[in-house]
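All values reported here derive from a predicted model rather than from experimental measurement. Per chain, numbering begins at 1; letters A, B, ... match sequence-line order.
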There are 2 protein chains.
Amino acid sequence: MPEMKLDRINLRILEELQKNARITNQDLAERVNLSPSACLSRMRRLEEEGLIGRYLAEVAIDRIASTLKAFVEITLENHRQADFRRFDQAIARQPEVVASYKVSGRFDYLLMVVVPDMNRLRQLSDELIEAEIGIAKFVTVPIIEQTKLFDGYPLREMIAGAGG
Amino acid sequence: MPEMKLDRINLRILEELQKNARITNQDLAERVNLSPSACLSRMRRLEEEGLIGRYLAEVAIDRIASTLKAFVEITLENHRQADFRRFDQAIARQPEVVASYKVSGRFDYLLMVVVPDMNRLRQLSDELIEAEIGIAKFVTVPIIEQTKLFDGYPLREMIAGAGG
DNA sequence: CCTGAAATCCACTATTG
DNA sequence: CAATAGTGGATTTCAGG
(Lines give C-alpha, C1' and ligand atoms only; values in the text may rest on other atoms or scores of the structure.)
Protein backbone atom coordinates (compact mmCIF):
# COMPACT_ATOMS: atom_id res chain seq x y z
CA MET A 1 0.00 0.00 0.00
CA PRO A 2 1.47 3.36 -0.99
CA GLU A 3 -0.23 5.24 1.79
CA MET A 4 1.41 7.21 4.55
CA LYS A 5 0.19 8.43 7.89
CA LEU A 6 -0.06 12.16 8.27
CA ASP A 7 -0.15 14.00 11.53
CA ARG A 8 -2.30 17.10 11.93
CA ILE A 9 0.55 19.46 11.14
CA ASN A 10 1.56 17.81 7.89
CA LEU A 11 -2.07 17.79 6.89
CA ARG A 12 -2.24 21.53 7.41
CA ILE A 13 0.99 22.06 5.49
CA LEU A 14 -0.46 20.17 2.53
CA GLU A 15 -3.69 22.13 2.76
CA GLU A 16 -1.84 25.43 2.69
CA LEU A 17 0.46 24.48 -0.16
CA GLN A 18 -2.44 23.14 -2.21
CA LYS A 19 -3.96 26.60 -2.16
CA ASN A 20 -0.83 28.71 -2.26
CA ALA A 21 2.27 27.03 -3.56
CA ARG A 22 4.35 30.19 -3.35
CA ILE A 23 3.80 30.91 0.30
CA THR A 24 7.11 31.58 2.04
CA ASN A 25 8.34 29.05 4.52
CA GLN A 26 8.11 31.64 7.27
CA ASP A 27 4.45 32.38 6.60
CA LEU A 28 3.69 28.70 6.31
CA ALA A 29 5.45 28.03 9.61
CA GLU A 30 3.39 30.70 11.28
CA ARG A 31 0.13 29.30 9.97
CA VAL A 32 0.85 25.82 11.22
CA ASN A 33 2.37 27.04 14.51
CA LEU A 34 5.86 25.74 13.94
CA SER A 35 9.29 27.29 13.83
CA PRO A 36 10.56 27.96 10.31
CA SER A 37 13.23 25.28 10.55
CA ALA A 38 10.82 22.60 11.70
CA CYS A 39 8.38 23.61 9.01
CA LEU A 40 11.01 23.53 6.30
CA SER A 41 12.23 20.07 7.21
CA ARG A 42 8.67 18.76 7.18
CA MET A 43 8.05 20.30 3.81
CA ARG A 44 11.25 18.79 2.39
CA ARG A 45 10.27 15.43 3.78
CA LEU A 46 6.85 15.66 2.18
CA GLU A 47 8.53 16.44 -1.12
CA GLU A 48 11.02 13.59 -0.80
CA GLU A 49 8.29 11.10 0.00
CA GLY A 50 6.36 12.25 -3.02
CA LEU A 51 3.34 13.52 -1.09
CA ILE A 52 3.93 16.85 -2.73
CA GLY A 53 4.56 16.46 -6.42
CA ARG A 54 4.83 19.46 -8.66
CA TYR A 55 4.15 23.14 -8.07
CA LEU A 56 2.04 24.65 -10.84
CA ALA A 57 1.03 28.18 -11.71
CA GLU A 58 -2.43 28.60 -13.15
CA VAL A 59 -2.25 30.59 -16.37
CA ALA A 60 -5.42 32.34 -17.55
CA ILE A 61 -5.17 30.92 -21.03
CA ASP A 62 -8.40 32.52 -22.20
CA ARG A 63 -7.00 35.96 -21.44
CA ILE A 64 -4.11 35.29 -23.78
CA ALA A 65 -5.93 33.82 -26.75
CA SER A 66 -9.43 32.74 -27.63
CA THR A 67 -9.81 29.22 -26.40
CA LEU A 68 -11.98 26.21 -26.93
CA LYS A 69 -11.83 23.59 -24.22
CA ALA A 70 -13.50 20.25 -24.66
CA PHE A 71 -13.67 16.76 -23.33
CA VAL A 72 -13.22 14.00 -25.87
CA GLU A 73 -14.56 10.51 -25.32
CA ILE A 74 -12.42 7.90 -27.05
CA THR A 75 -13.26 4.30 -27.78
CA LEU A 76 -10.47 2.05 -28.98
CA GLU A 77 -10.84 -0.72 -31.54
CA ASN A 78 -8.98 -3.28 -29.43
CA HIS A 79 -8.18 -3.57 -25.78
CA ARG A 80 -4.88 -5.35 -25.44
CA GLN A 81 -2.13 -3.79 -23.35
CA ALA A 82 -0.27 -2.85 -26.50
CA ASP A 83 -3.29 -0.95 -27.82
CA PHE A 84 -3.53 1.16 -24.71
CA ARG A 85 0.21 1.78 -24.72
CA ARG A 86 0.24 2.90 -28.33
CA PHE A 87 -2.60 5.29 -27.67
CA ASP A 88 -1.02 6.72 -24.51
CA GLN A 89 2.25 7.33 -26.32
CA ALA A 90 0.55 9.15 -29.17
CA ILE A 91 -1.43 11.30 -26.73
CA ALA A 92 1.71 12.18 -24.78
CA ARG A 93 3.03 13.91 -27.92
CA GLN A 94 -0.02 16.13 -28.45
CA PRO A 95 0.35 19.33 -26.45
CA GLU A 96 -3.29 20.31 -27.05
CA VAL A 97 -4.39 17.20 -25.19
CA VAL A 98 -3.67 18.51 -21.72
CA ALA A 99 -4.89 15.50 -19.75
CA SER A 100 -5.92 11.93 -20.46
CA TYR A 101 -7.92 9.56 -18.25
CA LYS A 102 -8.44 5.87 -18.79
CA VAL A 103 -11.99 5.19 -17.64
CA SER A 104 -14.51 2.46 -17.19
CA GLY A 105 -17.84 2.73 -18.97
CA ARG A 106 -19.24 3.51 -22.41
CA PHE A 107 -15.82 4.55 -23.70
CA ASP A 108 -12.17 3.91 -22.88
CA TYR A 109 -10.61 7.34 -22.44
CA LEU A 110 -11.69 10.80 -21.54
CA LEU A 111 -9.32 13.48 -22.81
CA MET A 112 -9.27 17.15 -22.05
CA VAL A 113 -8.22 19.23 -25.03
CA VAL A 114 -7.45 22.93 -25.33
CA VAL A 115 -7.40 24.46 -28.80
CA PRO A 116 -7.92 27.87 -30.39
CA ASP A 117 -11.23 27.04 -32.07
CA MET A 118 -13.50 24.37 -33.47
CA ASN A 119 -11.55 24.23 -36.71
CA ARG A 120 -8.44 23.22 -34.93
CA LEU A 121 -10.37 20.67 -32.89
CA ARG A 122 -11.73 19.06 -36.06
CA GLN A 123 -8.23 19.02 -37.47
CA LEU A 124 -6.85 17.43 -34.32
CA SER A 125 -9.61 14.84 -34.43
CA ASP A 126 -8.75 14.02 -38.07
CA GLU A 127 -5.07 13.73 -37.22
CA LEU A 128 -5.68 11.37 -34.35
CA ILE A 129 -8.10 9.17 -36.24
CA GLU A 130 -5.79 8.92 -39.24
CA ALA A 131 -2.72 8.32 -37.09
CA GLU A 132 -3.68 4.63 -36.90
CA ILE A 133 -3.46 4.46 -33.14
CA GLY A 134 -6.52 2.29 -32.81
CA ILE A 135 -9.27 4.86 -32.33
CA ALA A 136 -12.70 3.44 -33.13
CA LYS A 137 -14.86 6.34 -31.95
CA PHE A 138 -14.25 9.97 -31.10
CA VAL A 139 -16.98 12.02 -29.40
CA THR A 140 -16.47 15.69 -28.58
CA VAL A 141 -18.08 17.34 -25.55
CA PRO A 142 -17.38 21.08 -25.70
CA ILE A 143 -17.01 22.90 -22.42
CA ILE A 144 -19.24 25.94 -22.07
CA GLU A 145 -17.89 27.09 -18.74
CA GLN A 146 -15.97 25.77 -15.79
CA THR A 147 -18.32 26.45 -12.90
CA LYS A 148 -16.14 25.06 -10.13
CA LEU A 149 -12.37 25.46 -10.20
CA PHE A 150 -10.10 22.81 -8.82
CA ASP A 151 -9.04 24.07 -5.45
CA GLY A 152 -7.16 21.13 -3.98
CA TYR A 153 -8.29 17.70 -2.92
CA PRO A 154 -10.61 17.27 0.07
CA LEU A 155 -7.83 16.00 2.32
CA ARG A 156 -9.79 15.94 5.54
CA GLU A 157 -12.74 14.14 4.01
CA MET A 158 -10.45 11.57 2.42
CA ILE A 159 -8.73 10.80 5.69
CA ALA A 160 -11.88 10.81 7.77
CA GLY A 161 -13.82 8.76 5.24
CA ALA A 162 -11.24 6.04 4.65
CA GLY A 163 -11.06 2.93 6.72
CA GLY A 164 -7.29 3.26 7.23
CA MET B 1 -12.18 40.70 -25.73
CA PRO B 2 -10.27 39.87 -22.57
CA GLU B 3 -7.08 39.03 -24.42
CA MET B 4 -3.69 40.59 -23.93
CA LYS B 5 -0.62 40.72 -26.10
CA LEU B 6 2.39 38.91 -24.72
CA ASP B 7 5.95 39.50 -25.76
CA ARG B 8 8.39 36.61 -26.05
CA ILE B 9 9.77 37.13 -22.56
CA ASN B 10 6.43 37.12 -20.78
CA LEU B 11 5.50 34.01 -22.71
CA ARG B 12 8.60 32.28 -21.42
CA ILE B 13 7.91 33.45 -17.88
CA LEU B 14 4.44 31.93 -18.06
CA GLU B 15 5.83 28.71 -19.50
CA GLU B 16 8.34 28.38 -16.70
CA LEU B 17 5.88 29.17 -13.93
CA GLN B 18 3.32 26.76 -15.35
CA LYS B 19 5.80 23.93 -14.85
CA ASN B 20 7.48 25.11 -11.67
CA ALA B 21 5.62 27.62 -9.60
CA ARG B 22 8.27 27.64 -6.88
CA ILE B 23 11.20 28.55 -9.09
CA THR B 24 13.18 31.35 -7.48
CA ASN B 25 13.05 34.73 -9.12
CA GLN B 26 16.78 34.54 -9.73
CA ASP B 27 16.57 31.27 -11.60
CA LEU B 28 13.60 32.49 -13.54
CA ALA B 29 15.43 35.69 -14.45
CA GLU B 30 18.40 33.68 -15.66
CA ARG B 31 16.26 31.45 -17.83
CA VAL B 32 14.57 34.35 -19.55
CA ASN B 33 17.75 36.44 -19.76
CA LEU B 34 16.63 39.28 -17.57
CA SER B 35 17.94 40.89 -14.42
CA PRO B 36 16.15 39.71 -11.27
CA SER B 37 14.47 43.05 -10.72
CA ALA B 38 13.14 43.26 -14.25
CA CYS B 39 11.93 39.70 -14.04
CA LEU B 40 10.17 40.33 -10.75
CA SER B 41 8.33 43.37 -12.01
CA ARG B 42 7.12 41.47 -15.06
CA MET B 43 5.93 38.64 -12.89
CA ARG B 44 4.07 41.02 -10.58
CA ARG B 45 2.48 42.66 -13.56
CA LEU B 46 1.34 39.29 -14.93
CA GLU B 47 -0.20 38.57 -11.54
CA GLU B 48 -1.91 41.94 -11.35
CA GLU B 49 -3.38 41.57 -14.80
CA GLY B 50 -4.70 38.16 -13.89
CA LEU B 51 -2.66 36.26 -16.46
CA ILE B 52 -1.26 34.27 -13.60
CA GLY B 53 -4.00 33.17 -11.25
CA ARG B 54 -3.24 30.87 -8.39
CA TYR B 55 -0.16 28.86 -7.49
CA LEU B 56 -1.05 25.28 -6.63
CA ALA B 57 0.90 22.40 -5.16
CA GLU B 58 0.01 18.98 -6.46
CA VAL B 59 -0.71 16.66 -3.54
CA ALA B 60 -0.43 12.92 -4.17
CA ILE B 61 -3.80 12.18 -2.69
CA ASP B 62 -3.61 8.47 -3.42
CA ARG B 63 -0.49 8.17 -1.29
CA ILE B 64 -2.38 9.56 1.66
CA ALA B 65 -5.58 7.57 1.44
CA SER B 66 -7.16 5.09 -0.89
CA THR B 67 -8.93 7.10 -3.51
CA LEU B 68 -11.64 6.71 -6.08
CA LYS B 69 -11.73 9.36 -8.76
CA ALA B 70 -14.59 9.56 -11.19
CA PHE B 71 -16.30 11.76 -13.69
CA VAL B 72 -20.00 12.24 -13.25
CA GLU B 73 -22.29 13.21 -16.09
CA ILE B 74 -25.24 15.24 -14.87
CA THR B 75 -28.44 16.04 -16.70
CA LEU B 76 -30.76 18.63 -15.19
CA GLU B 77 -34.53 18.50 -15.26
CA ASN B 78 -34.89 22.10 -16.41
CA HIS B 79 -32.62 24.55 -18.10
CA ARG B 80 -33.47 28.01 -16.93
CA GLN B 81 -30.77 30.24 -15.54
CA ALA B 82 -32.08 29.70 -12.03
CA ASP B 83 -31.74 25.93 -12.43
CA PHE B 84 -28.11 26.18 -13.39
CA ARG B 85 -27.44 28.62 -10.58
CA ARG B 86 -29.03 26.42 -7.96
CA PHE B 87 -26.99 23.47 -9.15
CA ASP B 88 -23.72 25.43 -9.23
CA GLN B 89 -24.28 26.69 -5.71
CA ALA B 90 -24.95 23.23 -4.35
CA ILE B 91 -21.85 21.86 -6.07
CA ALA B 92 -19.70 24.65 -4.67
CA ARG B 93 -20.46 23.33 -1.18
CA GLN B 94 -19.37 19.75 -1.88
CA PRO B 95 -15.64 19.39 -1.29
CA GLU B 96 -15.54 15.96 -2.94
CA VAL B 97 -16.65 17.53 -6.20
CA VAL B 98 -13.30 19.02 -7.09
CA ALA B 99 -14.28 20.51 -10.45
CA SER B 100 -17.45 21.16 -12.41
CA TYR B 101 -17.83 21.87 -16.12
CA LYS B 102 -20.95 23.02 -17.88
CA VAL B 103 -20.90 21.29 -21.25
CA SER B 104 -22.76 20.97 -24.49
CA GLY B 105 -23.97 17.54 -25.56
CA ARG B 106 -25.81 14.51 -24.18
CA PHE B 107 -25.68 15.92 -20.64
CA ASP B 108 -25.39 19.32 -18.97
CA TYR B 109 -22.46 19.03 -16.56
CA LEU B 110 -19.36 16.95 -16.19
CA LEU B 111 -18.10 16.80 -12.62
CA MET B 112 -14.88 15.40 -11.29
CA VAL B 113 -15.28 13.78 -7.91
CA VAL B 114 -12.71 12.41 -5.50
CA VAL B 115 -13.92 10.09 -2.76
CA PRO B 116 -12.51 7.30 -0.60
CA ASP B 117 -14.44 4.49 -2.23
CA MET B 118 -17.49 3.44 -4.22
CA ASN B 119 -19.67 3.42 -1.12
CA ARG B 120 -19.03 7.06 -0.52
CA LEU B 121 -19.64 7.83 -4.18
CA ARG B 122 -23.03 6.12 -4.04
CA GLN B 123 -23.81 8.04 -0.87
CA LEU B 124 -22.78 11.31 -2.50
CA SER B 125 -24.93 10.50 -5.50
CA ASP B 126 -27.92 9.82 -3.25
CA GLU B 127 -27.36 13.06 -1.37
CA LEU B 128 -27.18 15.12 -4.53
CA ILE B 129 -30.24 13.53 -6.09
CA GLU B 130 -32.29 13.95 -2.93
CA ALA B 131 -31.12 17.51 -2.40
CA GLU B 132 -33.76 18.68 -4.89
CA ILE B 133 -31.34 20.69 -6.95
CA GLY B 134 -32.91 19.62 -10.22
CA ILE B 135 -30.84 16.58 -11.15
CA ALA B 136 -32.64 14.36 -13.66
CA LYS B 137 -29.84 11.93 -14.42
CA PHE B 138 -26.55 11.00 -12.81
CA VAL B 139 -24.06 8.78 -14.67
CA THR B 140 -20.78 7.76 -13.08
CA VAL B 141 -17.63 7.18 -15.13
CA PRO B 142 -14.93 5.81 -12.82
CA ILE B 143 -11.35 6.74 -13.60
CA ILE B 144 -9.02 3.77 -13.88
CA GLU B 145 -5.83 5.76 -14.35
CA GLN B 146 -4.70 9.20 -15.37
CA THR B 147 -2.41 8.48 -18.30
CA LYS B 148 -1.44 12.06 -19.06
CA LEU B 149 -0.95 14.59 -16.31
CA PHE B 150 -1.84 18.22 -16.82
CA ASP B 151 1.42 19.94 -17.46
CA GLY B 152 0.36 23.44 -18.42
CA TYR B 153 -1.53 24.80 -21.38
CA PRO B 154 0.01 24.74 -24.86
CA LEU B 155 0.74 28.46 -24.85
CA ARG B 156 2.75 28.57 -28.07
CA GLU B 157 0.21 26.56 -30.00
CA MET B 158 -2.62 28.74 -28.75
CA ILE B 159 -0.90 31.92 -29.81
CA ALA B 160 0.31 30.61 -33.14
CA GLY B 161 -3.02 28.96 -33.94
CA ALA B 162 -5.27 31.88 -33.12
CA GLY B 163 -6.19 34.54 -35.61
CA GLY B 164 -5.47 37.38 -33.16
C1' DC C 1 11.13 49.03 -19.46
C1' DC C 2 15.77 48.13 -18.05
C1' DT C 3 20.14 48.00 -14.88
C1' DG C 4 22.59 47.97 -10.72
C1' DA C 5 23.19 48.90 -5.93
C1' DA C 6 21.31 48.95 -1.31
C1' DA C 7 18.29 47.30 2.12
C1' DT C 8 15.30 43.92 3.77
C1' DC C 9 13.83 39.47 4.28
C1' DC C 10 14.18 34.56 3.92
C1' DA C 11 16.14 29.82 3.47
C1' DC C 12 18.96 26.92 5.42
C1' DT C 13 22.24 25.07 8.92
C1' DA C 14 24.20 24.23 13.15
C1' DT C 15 23.38 23.89 17.96
C1' DT C 16 20.89 22.82 21.74
C1' DG C 17 16.88 21.13 24.39
C1' DC D 1 11.47 16.25 16.61
C1' DA D 2 11.26 21.23 17.83
C1' DA D 3 13.23 25.95 18.90
C1' DT D 4 16.67 29.43 18.54
C1' DA D 5 20.02 32.11 16.37
C1' DG D 6 23.35 33.11 12.74
C1' DT D 7 24.96 33.63 7.80
C1' DG D 8 24.79 33.51 3.16
C1' DG D 9 21.92 34.46 -0.37
C1' DA D 10 17.59 35.84 -2.39
C1' DT D 11 13.85 39.22 -2.85
C1' DT D 12 12.49 43.65 -3.24
C1' DT D 13 12.89 48.63 -3.59
C1' DC D 14 14.76 52.59 -5.55
C1' DA D 15 17.64 55.80 -8.16
C1' DG D 16 18.88 56.72 -12.70
C1' DG D 17 18.95 56.15 -17.72
Side-chain angles (χ1 to χ4, degrees), chain A residues 1-61 63-65 152 155-156 159-160 164, chain B residues 1-60 63-65 152 155-156 158-160 164:
Chain A
M1 245 184 292
E3 300 177 22
M4 182 214 178
K5 279 258 163 60
L6 280 185
D7 64 14
R8 189 181 261 91
I9 293 177
N10 278 345
L11 178 61
R12 286 176 63 194
I13 290 175
L14 292 180
E15 285 180 333
E16 290 294 336
L17 287 173
Q18 266 197 142
K19 312 232 165 183
N20 178 12
R22 277 187 78 92
I23 190 173
T24 65
N25 181 57
Q26 288 206 345
D27 285 355
L28 182 58
E30 206 171 297
R31 287 188 193 208
V32 305
N33 291 313
L34 229 53
S35 69
S37 66
C39 185
L40 185 65
S41 66
R42 276 171 177 266
M43 184 174 150
R44 292 286 174 253
R45 189 128 190 280
L46 290 168
E47 289 174 353
E48 279 159 22
E49 284 171 352
L51 293 202
I52 303 171
R54 305 169 302 168
Y55 297 97
L56 307 176
E58 218 178 58
V59 170
I61 180 69
R63 294 204 190 183
I64 295 172
L155 301 185
R156 283 167 198 280
I159 290 167
Chain B
M1 247 185 290
E3 301 177 21
M4 181 212 179
K5 277 258 165 58
L6 281 185
D7 65 14
R8 190 180 261 92
I9 293 178
N10 279 345
L11 178 61
R12 287 176 63 195
I13 290 175
L14 292 179
E15 286 180 332
E16 291 293 336
L17 287 173
Q18 267 198 142
K19 312 234 164 183
N20 179 12
R22 277 186 79 91
I23 190 173
T24 66
N25 183 56
Q26 286 209 344
D27 285 354
L28 182 58
E30 205 172 296
R31 288 188 192 206
V32 304
N33 291 312
L34 232 53
S35 69
S37 65
C39 185
L40 184 67
S41 68
R42 276 171 177 265
M43 184 173 151
R44 292 283 175 255
R45 191 132 188 280
L46 290 168
E47 289 172 354
E48 279 160 21
E49 284 171 353
L51 294 201
I52 302 171
R54 306 168 301 167
Y55 297 98
L56 307 176
E58 218 179 58
V59 170
R63 294 203 190 185
I64 295 171
L155 301 185
R156 282 169 200 279
M158 293 301 292
I159 290 168

- Message: Need one value for A:Ser37: base, sugar-phosphate or nothing, where a base atom within 4.0 Å counts as base even if backbone is also close, heavy atoms only.
- Response: base
- Do the side chains of A:Arg31 and A:Ile23 get nearer than 4.5 Å, heavy atoms only? yes
- Query: Taking for each residue the nucleotide of DNA chain D with the nearest heavy atom, is it B:Arg44 or A:Arg42 whose nucleotide lies nearer the 5' end?
  - Reply: A:Arg42
- Message: Measure CG/B:Leu40 against P/D:dC14 and give the value in whole Å, please.
- Response: 13 Å
- Message: Using side-chain heavy atoms (C-beta onward) and a distance below 4.5 Å, is A:Val59 in contact with B:Leu46?
- Response: no
- Query: Does the side chain of A:Arg22 reach to within under 4.5 Å of the side chain of B:Leu17, using non-hydrogen atoms?
  - Reply: yes
- Message: Whole angstroms only, please: what is the CD-C1' distance between A:Glu30 and D:dA3?
- Response: 15 Å
- Bounded by its outermost nucleotides with an atom under 4.0 Å from a heavy atom of chain A, the footprint on DNA chain C reads C:dC10 to C:dT13
- Which residues within residues 15-26 of chain A lie with some heavy atom under 4.0 Å of an atom in DNA chain C? A:Thr24, A:Asn25, A:Gln26
- Message: Quick test of your reading of the model: are B:Glu15 and B:Arg156 salt-bridged, counting only N-O distances below 4.0 Å?
- Response: yes
- Are any of the side-chain nitrogens in B:Arg44 or B:Glu47 under 4.0 Å away from the carboxylate oxygens of its partner? yes
- Query: Is the backbone N or O of A:Ile9 less than 3.5 Å from a side-chain atom of A:Arg42, with the two atoms forming a donor-acceptor pair by type?
  - Reply: no
- Heavy-atom side-chain contact between B:Leu51 and B:Leu6 under 4.5 Å: yes
- Whether A:Arg12 side chain and A:Asn33 backbone form a donor-acceptor pair below 3.5 Å: no
